[in-house]
There are 2 protein chains.
Amino acid sequence: MKKTKDDSTESNILNAAKTIFQRKGMDGARMQEIADEAGINKALLHYYYRSKQLLFEAVFKSVFSLLAPQLNKALNNDDSLMDKIKNFTKNYISFIIKHPYLPSFIINELNRNPEFVQKLITEKHFPNIEKFKNQINENIEKGKITSIKPEQLFINIMALNIFPFIASPLLKGFLKISDEDYNKLLEERATEVSNFIINALKV
Amino acid sequence: MKKTKDDSTESNILNAAKTIFQRKGMDGARMQEIADEAGINKALLHYYYRSKQLLFEAVFKSVFSLLAPQLNKALNNDDSLMDKIKNFTKNYISFIIKHPYLPSFIINELNRNPEFVQKLITEKHFPNIEKFKNQINENIEKGKITSIKPEQLFINIMALNIFPFIASPLLKGFLKISDEDYNKLLEERATEVSNFIINALKV
DNA sequence: ATATGGTTTAACCAAATGGTTAACAAATGT
DNA sequence: ACATTTGTTAACCATTTGGTTAAACCATAT
C-alpha cells in the first residue's frame, strides 16, 4: 500500500530533521539524534537523503518555503500601505509564535553560509519587495508619510518584528523579566509595533 | 621575563579563540583551528583553559564585557532622552561595524544555552536599564513623548540597531543589493534610526 | 508459492575530535 | 652551577560522528 505523504518514512525523517536542525543548527545537530527523533535507524537517513548536508539543505528549503510565501503575500496584496504594515505585523508575529525557532534558524544558517542566499533568490517563491517599495514611494510623493528610503523602512519593519524572537534570552536578561511576562510583551507587540511604525511615518 | 598581558600565550590563545568562536560558534569551532590561529600546539589550549567549554566561557565573558559597559554608559549617562537615543544609535552602530560578528555570536550562544544569561546578570557590569526606563516615564508624564511601555521602546531601539547586523545575508537577499550598497545603508542608519525612533515618539 | 523490488536494520568503518601524557625546553630561584 | 618550576611539544588515546555494507524484511506481481 502506497503510504500517504504525511506518514511516509521520508517525510517523517524530514520532520524530525526540521525539529533537530532548528533547535541545534547544522553544526550542533547529530544524525543519530535525528534518527532517534524519527524513531528509525540512522542508516535510513542516508538511504533517503544521502548525507547530512543534503538532509540539511532539504530542511532549510522546506522551512524557508514555509516563510517565503507568507512574506510574499503580505507584501504583494492590494492593501493600502498602512493596512499592509498593520496586517504584516499582526500576522507575522502570530505566525512566528507558532514557529519560534524559525527566524533564528534561517538567519543563523545564512550567516554560516552567506552564499546560500544566492541559490534561494533564483527560486520562484523568493519574496519580492518591488511592489512594496513602489507603494512607499507613492505615499511619500502624495505627502501621506514622511520621506524615507524604502529599503530603510523595510529593514525597520523586519527588525521590529523579528528581533524580539531572535534575541529573547538576551532581552529577557536586560529587562529582568520572566518568560511569561516576556511572552505578554511579545503579544502586545502585534499592535504595538504597527503603531510605532505608523507614528514614525507621520509627516 | 614576565610577558606583557598582550603578547602572553594566554591572551594570544584567548584572542585566537575569540576570532574562531565568533566566526563559527561553540559547535562549529574546532580546538585545532583555534590552536592554528594562535600558532601553537593544541595541548597548550588545555594547559591554559582545561577544556573547550571553559575556553568558550572565557571568550564569551570577555566578549560580553566588551559590550556591556558600552551599553551601560549609553543608558546611564546624564543626557536627555532624545540625546541618549541619538548618541546610542550613532555610537552603537559604529561600534558594531568594528565588531561585526559580536551581536550574532552573543545572541546565538545565549539561544543555545539560555540559562547562561542568569550567570551574566549577577556580574556587576551587567547593563541596568532602570534609569532609562524612568527617564522614558518622565518624558511621557511631561507630555514630551507619546505613551509607550519603556520595555517596548527599549526592545524597539535594540531591534532597529542590532537586527540589520545579525540578518545581513537575509536582508541583502530580500533587498537584492550588493555588499557595498548594504554597508552604505548601514552607515546611513546611524542617523536614520534615531530619526525614525524620535518621530515615532512624537505626541 | 516464489521471485522481485524497495525498505529497514545491526554491525561495522574511517576520520575527526576533545583531551591526555610524557618528555623536552626555558625560565627562575638558590 | 644546579634544582625546580613553568611553558611547550609530539605522539597518543578514547569517543564521537558521518557514512557504508550486507543481510533481513516485506509488500506486490507473476
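Quick note: numbers below take in every heavy atom, side chains included, and nothing from hydrogens, waters or symmetry partners. Order of the sequence lines sets the chain letters (A, B, ...), proteins ahead of strands, with each chain counted from 1.
- In this structure, the nucleotide among D:dT9, C:dA10, D:dG18 sitting nearest to the side chain of A:Ala43 is C:dA10.
- Residue-level contact check: B:Ala35 touches neither bases nor backbone, having no heavy atom under 4.0 Å from any strand.
- Side chains of A:Asn111 and B:Arg23: a donor-acceptor N/O pair is absent below 3.5 angstrom, by distance only.
- Counting to the nearest Å, the P atom of C:dA25 and the CG atom of B:Leu44 are 15 Å from each other.
- In this structure, the CG atom of B:Leu45 is 12 Å from the P atom of C:dT20, given to the nearest Å.
- Distances shown here put a side-chain N or O of B:Tyr48 below 4.0 Å from the OP1 or OP2 atom of D:dT8.
- Considering only the side chain of B:His46, C:dG19 comes nearest among C:dG19, C:dT8, D:dT8.
- The pair A:Glu33-A:Lys24 meets the salt-bridge criterion, with a side-chain N (NZ, NE, NH1 or NH2) lying under 4.0 Å from an Asp/Glu carboxylate O.
- Across the protein-nucleic acid pair, B:Met26 atom CE and C:dT17 atom P stand 14 Å apart, rounded to whole Å.
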Next item on the list: Might you work through the side chain to side chain contact (heavy atoms under 4.5 Å, CB included) test for A:His125 and A:Ser65, ending with a clear yes or no?
Entry: CA-CA 7 Å; A:His125 287 301; A:Ser65 67; 5.7 Å; no
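- OP1 and OP2 of C:dG6 both lie 4.0 Å or more from every side-chain N or O belonging to A:Tyr47.
- When each of B:Lys42 and B:Glu10 is assigned the nucleotide of DNA chain D with its nearest heavy atom, B:Glu10 is the one assigned upstream, toward the 5' end.
- For D:dT16, the OP1/OP2 oxygens have no side-chain nitrogen or oxygen of A:Arg30 closer than 4.0 Å.
- B:Ser51 has no side-chain polar atom (N or O) that falls below the 4.0 Å cut-off from OP1 or OP2 of C:dG18.
- A salt bridge is defined here as a Lys NZ or Arg NE, NH1 or NH2 lying under 4.0 Å from an Asp or Glu carboxylate O, and B:Lys149 with A:Glu192 fails to meet this definition.
- No donor-acceptor contact under 3.5 Å links the side chain of B:Lys52 to the base of C:dG19.
- Within 4.0 Å (heavy atoms only), A:Ile40 reaches sugar-phosphate atoms of the nucleic acid but no base atom.
- For B:Asp36 and D:dT9, the CG to C1' distance is 14 Å, given to the nearest whole Å.
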